[in-house]
Engineer: 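If you scroll down you'll find the structure; I have some questions about it.
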Amino acid sequence: MNAQPLNDPGTPRGCPFGHDTERTRLYGPEAATDPRGIYERLRKEHGSVAPVLLEGDIPAWLVLGYRDSRRVLDNPLSFPRDARIWRDWREGRVAENSPLVPMLAWRPDCVSQDGEAHRRLRGAVSDGLQSAADRGVRRHATHFANKQIDSFADSGRADLVADYADLLPMLVVARLLGLAEAEGRRLVESCAQVMKGGEDAVMHDGVIREIFGELAERRRSEPGSDLATGLLEHHAALDHDEVVAHLRVVLIAAHVTTSLLARVLELVLTDPARLSGLISGQLNISAVVEEAMWNSPPLAVLPGRFAASDVELGGHRIEEGDLLVLGLAPGNLDPEVRPDPDVSVHGNQAHLAFGAGPHECPGQNIGMSIIEVAVDVLLHRLPGLRLAVPPEELGSTASTWMSLLDSLPVEFQV
Ligand code: HEM
């Protein structure tokens, strides 16, 4: 489906429901505790596209509707990812140290490009991920899962967010990229801070780039079986900055696997039937992952796309250079595609959690393998695993982009 250019330049810029004067903040205390409440209120007030403010009170359009999100993601000519056309950026309203910069600013990486430039860089990343993965995602995941579990197995209790989900996917991905375990552990915190936004995001982004700059230098003289080497040797002939940018982008993109693992473990541990079904082999973990992908996609809001020209979307007039952010979580709950959100979706992977269109996640199989191994090893290593608090005490904290489970306290037999 092609985006329709506006034929009528006099179309008012605004909400078809007449609520366009005030923009809602997608950050701050309310967004941190009840993002879903905000999405549903915006849907009622504005329909499938709503005017919002991001950190620094930078305006954006939040796409809430499933079909409108697909229309944006599937049409890179009308809605490119290249932030150099972002009007607020071009006109100097986004501070250099804004937490939006690591998420949205242009960089020499595949996420920031469209068309042929995107195909060249994405080809190098996909080929590199494929061959690094062929050399053993499951093996690395099993190794690090057992190592993390060893660190708390004797105590009979753990917090599966801080002690397991926050670490395991990042350690596996850092290994695939070519880092030693200690460097992988340093990156876990920096990556989480970049995703969280806030004032330290830019500083932590610098730490990540420094570690990957050193890795790229090292692999030039000492090649290994990893993504860093794969990118350096790829026929697309990436230069140093492009190699570093892609190691960074893969790490940041893969970070969402930590939140997905936490949500999957939450689903398993808050429902005894799911837990026993998995242990007995009657339930397949992929069904639980699919449920999490529909109901709590780890990237709740995807940054971002920019309007290439004035265009109509969801009844609103979007102007050239406007920023759009894609509500993957509200899109998956759009009443037009899911009239009853309490009814689980089975055997349908048309959710938005991996994005869509040319930028759709190239690491999804790696992410899925890590989750499967992580849950499997945990359930088989820790007999009698159960939640140590009532389910209603589990809380989440959200940034503009993600809603993270605060903790998942468990106990088990030793
Ligand atoms: C399992 C959980 C994961 C989820 C839910 C997820 C989600 C996403 C989404 C929504 C996008 C689209 C971004 C956009 O359109 O701007 C994306 C892109 C990307 N993902 Fe994932 N991802 C996951 C795991 C991973 C892993 C494990 C890796 C790598 C090891 C990875 C690497 C990437 C890369 C490189 C991109 C950028 C692709 C491009 O711009 O062409 N992801 N991911």
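Numbers here simply count residues along the sequence, with the first being 1. Indexing begins at 1, ligand by ligand and atom by atom, following the structure's order.
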Engineer: Mind checking whether Arg305 has an N or O less than 3.5 Å away from an N or O of ligand 1?
Structural biologist: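 So ligand 1 has an N or O lying under 3.5 Å from an N or O of Arg305.
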Engineer: Under 4.0 Å from a heavy atom of Leu260: which atoms of ligand 1 are those, numbered in the order shown and with their elements?
Structural biologist: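 Taking each heavy atom of Leu260 in turn, ligand 1 has 1 (C), 2 (C) under 4.0 Å.
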Engineer: For atom 40 (O) of ligand 1, grab the closest protein heavy atom and report residue, atom and distance to one decimal in Å.
Structural biologist: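 Checked against all protein heavy atoms, atom 40 (O) of ligand 1 sits closest to His359 ND1, 2.7 Å.
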Engineer: Looking at non-hydrogen atoms alone, which of Gly357, Cys361, Cys110, Ala353 comes nearest to atom 10 (C) of ligand 1?
Structural biologist: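 Answer by nearest heavy atom: Ala353.
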Engineer: Provide the closest heavy-atom pair for Leu328 versus Leu352 in the form atom of the first, atom of the second, distance.
Structural biologist: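 Closest pair (atom of Leu328, atom of Leu352, distance): CD1-O, 3.5 Å.
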Engineer: Decide whether the shortest distance between a heavy atom of Gln364 and an atom of ligand 1 is less than 4.0 Å.
Structural biologist: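 Flag not set, Gln364 not near ligand 1.
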Engineer: When you measure from atom 3 (C) of ligand 1 to every protein heavy atom, which one gives the shortest distance, and what is it?
Structural biologist: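 It is Val256 CG2, 3.4 Å.
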Engineer: Could a heavy atom of His246 be found less than 4.0 Å from some atom of ligand 1?
Structural biologist: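 Outside the 4.0 Å threshold, so no.
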Engineer: Could Arg25 and Glu55 be called an ion pair, given the rule that one side-chain N must be under 4.0 Å from one carboxylate O?
Structural biologist: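 No.
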Engineer: Hey, is Glu242 close enough to Arg107 for a salt bridge, meaning N to O under 4.0 Å?
Structural biologist: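 No, Glu242 and Arg107 are not salt-bridged.
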Engineer: Nearest protein heavy atom to atom 34 (C) of ligand 1, by residue and atom, and its distance?
Structural biologist: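 Going atom by atom, the protein heavy atom closest to atom 34 (C) of ligand 1 ends up being Pro362 CD, 3.4 Å.
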Engineer: Any salt bridge linking Asp205 with Arg248? Criterion: basic side-chain nitrogen under 4.0 Å from a carboxylate oxygen.
Structural biologist: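 So Asp205 pairs with Arg248 through a salt bridge.
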Engineer: Salt bridge or not for Asp150 and Arg381, using N-O below 4.0 Å?
Structural biologist: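 Answer for the salt bridge query: yes.
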Engineer: Report the nearest protein non-hydrogen atom to atom 29 (C) of ligand 1: residue, atom name, distance rounded to 0.1 Å.
Structural biologist: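 For atom 29 (C) of ligand 1, the nearest protein heavy atom is Val250 CG1, 3.7 Å.
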Engineer: In terms of relative ring orientation, are His118 and His359 parallel, tilted or perpendicular, with 30° and 60° separating the classes?
Structural biologist: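 His118 and His359: tilted rings.
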Engineer: Between Arg36 and Glu30, is the closest basic N to carboxylate O distance under 4.0 Å?
Structural biologist: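 Looking at Arg36 together with Glu30, the answer is no, because their closest N to O distance does not fall below 4.0 Å.
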Engineer: I need the nearest protein heavy-atom contact for atom 13 (C) of ligand 1: residue, atom name and distance, please.
Structural biologist: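 For atom 13 (C) of ligand 1, the nearest protein heavy atom is Leu302 CD1, 3.5 Å.
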Engineer: How far is atom 37 (C) of ligand 1 from the closest protein heavy atom, and which atom is that?
Structural biologist: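 Atom 37 (C) of ligand 1 sits closest to the protein heavy atom Val111 CG2, 3.6 Å.
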Engineer: For ligand 1, is Glu360 a contact, meaning one of its heavy atoms is under 4.0 Å away?
Structural biologist: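 Per 4.0 Å heavy-atom rule, Glu360 does not contact ligand 1.
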Engineer: Could you list which atoms of ligand 1 come closer than 4.0 Å to a heavy atom of Gly367?
Structural biologist: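 So the atoms of ligand 1 that pass are 1 (C), 27 (C).
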Engineer: Report the nearest protein non-hydrogen atom to atom 11 (C) of ligand 1: residue, atom name, distance rounded to 0.1 Å.
Structural biologist: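 Minimum-distance protein heavy atom for atom 11 (C) of ligand 1 reads Phe354 O, 3.9 Å.
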Engineer: Can you tell me the protein heavy atom closest to atom 24 (C) of ligand 1 and the distance?
Structural biologist: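 Closest protein heavy atom to atom 24 (C) of ligand 1: Thr257 OG1, 3.6 Å.
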Engineer: Which option out of Gly355, Ala132, Ala253 puts a heavy atom nearest to atom 33 (C) of ligand 1?
Structural biologist: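 Nearest heavy atom to atom 33 (C) of ligand 1 lies in Ala253.
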Engineer: Should you measure from each heavy atom of Leu129, which atoms of ligand 1 turn up under 4.0 Å away?
Structural biologist: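 By the 4.0 Å cutoff, the relevant atoms are 30 (C).
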Engineer: Is atom CZ of Arg338 surrounded by more than 12 heavy atoms (other residues, nucleotides or ligands) closer than 6.0 Å?
Structural biologist: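 Yes, because the 6.0 Å sphere around CZ of Arg338 holds more than 12 heavy atoms from other groups.
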Engineer: Heavy atoms only: which of Ser369, Pro358, Gly363 is nearest to atom 28 (C) of ligand 1?
Structural biologist: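 Going through Ser369, Pro358, Gly363 one by one, Gly363 has the nearest heavy atom to atom 28 (C) of ligand 1.
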